[in-house]
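Have a look at the structure below, then the notes.
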Amino acid sequence: MMAHLSGFVIAFLGWIPPLAIYLAKRNQSPVVRHHASEAANFQLTLLIPYVFACVVFIGLGIFFPGLAWIGSVLIALIWILAIVFGVVGASRANKGTTYRYPVSIRLLK
């Protein structure tokens with residue numbers, strides 16, 4: 001459950017806690033392994049839109065300062081997406097069922 005919830009608390013570095021949980025507990029519990037790998041994969045996948053949103057924010061801030069808010073909105077939307085899916089994943093982990101994020105590149109198995 002902590003692997004899912006820790007991701008959106010740290011935003012850009014949200015992949016670190018789930019990855020640490022995965023590396024620490026992967027051989028002890030298959031359930032924890034599944035949830036930690038899913039959370040880490042999702043947070044690593046979110047790095048792509050976070051980087052894009054930051055480039056948009058900085059680029060618009062430099063060339064069109066009046067439009068820099070668009071990058072801020074994109075970052076906020078990505079963070080909200082991380083919160084929603086993280087809470088759903090945490091609730092499924094709390095119930096003891098599996099959960100697969102709908103948009104995730106599977107790097108850890």
Side-chain angles (χ1 to χ4, degrees):
M1 193 166 112
M2 290 306 297
H4 293 288
L5 292 178
S6 64
F8 64 83
V9 173
I10 305 175
F12 290 104
L13 300 175
W15 55 273
I16 294 173
L19 185 61
I21 293 169
Y22 174 81
L23 293 173
K25 301 288 185 178
R26 68 179 173 206
N27 295 327
Q28 296 174 3
S29 171
V31 175
V32 173
R33 178 187 178 117
H34 168 75
H35 284 285
S37 68
E38 284 295 317
N41 285 334
F42 180 65
Q43 293 301 324
L44 286 168
T45 302
L46 282 182
L47 280 177
I48 298 167
Y50 271 132
V51 168
F52 173 75
C54 285
V55 168
V56 168
F57 177 71
I58 293 169
L60 288 175
I62 292 171
F63 297 110
F64 305 102
L67 297 176
W69 62 271
I70 295 172
S72 299
V73 170
L74 288 175
I75 291 170
L77 289 174
I78 297 164
W79 190 59
I80 290 170
L81 182 74
I83 291 171
V84 169
F85 285 131
V87 168
V88 170
S91 69
R92 294 274 180 91
N94 192 33
K95 292 178 185 175
T97 60
T98 60
Y99 178 70
R100 292 194 72 145
Y101 287 91
V103 180
S104 182
I105 299 171
R106 309 278 184 243
L107 301 171
L108 300 174
K109 302 273 181 193

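Note that this is a predicted model, so its numbers are computed, not measured.
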Identify all side-chain donor-acceptor contacts of residues 82-100 below 3.5 Å with residues at least two apart in sequence or on another chain.
{"unit_1": "Ser91", "atom_1": "OG", "unit_2": "Val87", "atom_2": "O", "d": "3.4"}
{"unit_1": "Ser91", "atom_1": "OG", "unit_2": "Val88", "atom_2": "O", "d": "2.8"}
{"unit_1": "Thr97", "atom_1": "OG1", "unit_2": "Arg92", "atom_2": "O", "d": "3.3"}

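- Every side chain to side chain contact (heavy atoms under 4.5 Å, CB included) that Phe64 has, sequence neighbours left out, goes to Leu60, Leu67.
- The minimum heavy-atom distance linking Pro18 with Ala3 is given by the pair CG-O, 3.4 Å.
- Note that CD of Gln43 and CD1 of Ile16 are 11.0 Å apart. Values are rounded to the nearest 0.5 Å.
- Separation of atoms CD1 (Ile105) and CD1 (Ile48) is listed at 4.0 Å; rounding is to 0.5 Å.
- Note that CZ of Phe52 is 8.5 Å distant from CD1 of Ile78, once rounded to the nearest 0.5 Å.
- Leu46 places a side-chain heavy atom less than 4.5 Å from the side chain of Leu81.
- A chain of hydrophobic side-chain contacts below 4.5 Å, direct or via other Ile, Leu, Val, Met, Phe, Trp or Tyr residues, connects Ile58 to Val56.
- The OG atom of Ser37 lies 8.5 Å from the CZ atom of Arg106; values are rounded to the nearest 0.5 Å.
- For the atom pair Phe57 CZ and Ile75 CD1, the distance stands at 6.5 Å (nearest 0.5 Å).
- Aromatic rings of His4 and Tyr101 (six-membered ring for Trp) have centroids within the 6.0 Å cut-off, being under it.
- Under the 4.5 Å side-chain heavy-atom criterion for Ile, Leu, Val, Met, Phe, Trp and Tyr, Val103 and Ile80 are members of distinct hydrophobic clusters.
- Counting only distance, with no hydrogens or angles, the side chain of Asn41 and the backbone of Ser104 share no donor-acceptor pair below 3.5 Å.
- Grouping the Ile, Leu, Val, Met, Phe, Trp and Tyr side chains by contacts below 4.5 angstrom, directly or via other members, places Tyr50 apart from Val73.
- With sequence neighbours left out, the side chain to side chain contact (heavy atoms under 4.5 Å, CB included) criterion links Leu23 to Leu19, Arg26.
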